[in-house]
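One structure is given here, and the rest of the page talks about it.
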Amino acid sequence: MRTVELQIADVAFGGNGVGRDGGKAVFVPFTIDGERVSARILREKKNFAEAEMTELLEPSEHRTTPQCPYFGQCGGCSYQHMSYEHQLAVKQRQVEQALRRIGRIPEPPMRAIIPSPETYEYRNRVTVHAEDGVVGYYRRDAHRLIDVERCPIAAPELNAQLAELRSRKPRDGHYTLRAHAGPRVFEQTNDAVAEAMAQLVESLLPSGELLIDGYCGAGFFTKRLASRFTRVVGIEWDRYAIAAAQENAAPNETYVAGDVDSEFDRQLHGSEAAATCVVVDPPATGLSASVRDSLTRHVPSAVVYVSCNPATLARDLGELQKRFSVMSVTPLDMFPQTAEIECVVHLVPTAGSADSGSKPHVDTTRA
Ligand SMILES: C[S@@+](CC[C@H](N)C(=O)[O-])C[C@H]1O[C@@H](n2cnc3c(N)ncnc32)[C@H](O)[C@@H]1O
């Protein structure tokens, strides 16, 4: 395989540095924009190539020493070699680029990325795997386990649980270690950033008649916002999460166990658009075509889109722009040292798009 000398110009979403070899983009993990490297080409495609760094010729001023002995082999972290300030700058830029390139938003109204107060030891939940006496995470380049004694991005109590798990030589399988007790349902992973995110979402929405929270989990946003609305409806297909949400629900909270694809339209259809706000927090695949369609047909008075994938977010905003204006985009660093990026986007109907609110108010909620 040939070796090339590259000037790394950018860090792409996913974490790889990008250089150019004769015009072709070459992706090199664990490199930083501004660096000059030698790299061995591992895979060559028509439009791009993948390579591994063989020598660091000119290091970036943002290069730093990883805290984890497994960094580079483990599939979890991508950025431990980068100063935290630079990780934030890279993530902010990646979101902006995705919105420009995929979403075709020429000037995304970016707000500054919200950092994590803890850059290590922040995870309140990790899943480790056991196989043939090895307990740890999968390698980044193969479906093989690395024997992990300690994970520096996991909270100290999780590392204590990991030590205990390892000591009892567990059977083969997957083990989710959690810092919080409670039902085994989706939970935001970084407590401090989750709190900042909830405050942000709250600050973006006006008080009103109805809030529909699509992909509500156990009601993380719904419950927080319930006192600001006459009624709130959370939709989620995980019945355990819905049961947890219902357990301490106030009278104005309704939780619907079902697929957002069908339930979202039902809820929006029966509501007065001008008096309705929406929160959507979908998985990495983003909004389905039917949810995008519901939003552009019913046009609620405000939408907050919480995303864990800038690429699908950009795709969805590209379509939602038909009826909505993007008022602000705020990246949040929920997952320091990793390539993951969380975003909160605020949308309002563009002039002339808002539903006149003439639909009758029909209560179609199901408890
Ligand atoms: C990113 S989580 C957000 C959860 C919640 N907003 C929170 O902050 O805890 C996405 C949630 O959507 C649920 N989900 C994914 N696809 C769904 C669908 N098509 N219909 C209903 N729920 C779905 C998942 O079970 C998960 O709880």
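Being a predicted model, the structure only gives us computed values, none of them experimental. Order of listing sets the numbers, starting from 1, for every ligand and every atom in it.
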Are Phe229 and Phe220 linked, directly or through intermediate hydrophobic residues, by side-chain heavy-atom contacts shorter than 4.5 Å (ILVMFWY only)? yes
Indicate, with yes or no, if Val279 and Phe264 share a hydrophobic cluster defined by side-chain heavy-atom contacts under 4.5 Å among Ile, Leu, Val, Met, Phe, Trp and Tyr. no
May I have a table of the N/O to N/O pairs between ligand 1 and the protein that fall below 3.5 Å, each row giving the two atom names and the distance to 0.1 Å?
residue  : atom   : partner : partner atom : Å
ligand 1 : 6 (N)  : Tyr215  : O            : 3.1
ligand 1 : 6 (N)  : Asp281  : OD2          : 2.9
ligand 1 : 8 (O)  : Gln188  : NE2          : 2.6
ligand 1 : 8 (O)  : Asp281  : OD2          : 3.4
ligand 1 : 19 (N) : Asp259  : OD1          : 2.9
ligand 1 : 20 (N) : Asp259  : OD1          : 3.4
ligand 1 : 20 (N) : Val260  : N            : 2.9
ligand 1 : 22 (N) : Trp237  : N            : 3.1
ligand 1 : 25 (O) : Glu236  : OE2          : 2.7
ligand 1 : 27 (O) : Glu236  : OE1          : 2.8
ligand 1 : 27 (O) : Glu236  : OE2          : 3.3

Filter on ring pair (Phe, Tyr, Trp, His ring centres under 6.0 Å), then keep only pairs touching residues 129-188, sequence neighbours left out; what's left? His129-Tyr138, His129-His174, Tyr138-His143
Show me the donor-acceptor pairs within less than 3.5 Å that the side chains of residues 210-217 make with the rest of the protein, sequence neighbours left out.
residue : atom : partner : partner atom : Å
Asp213  : OD2  : Thr222  : N            : 3.2
Asp213  : OD2  : Thr222  : OG1          : 2.7

Please determine whether side chain to side chain contact (heavy atoms under 4.5 Å, CB included) holds for the pair Arg63 and Glu35, giving the CA-CA distance in whole Å, both sets of side-chain angles, and the decisive distance to 0.1 Å. CA-CA 9 Å; Arg63 193 163 270 278; Glu35 292 189 327; 2.7 Å; yes
Residues which pass salt bridge (Lys or Arg N to Asp or Glu O under 4.0 Å) with Asp21, listed by chain and number, not counting sequence neighbours: Arg2
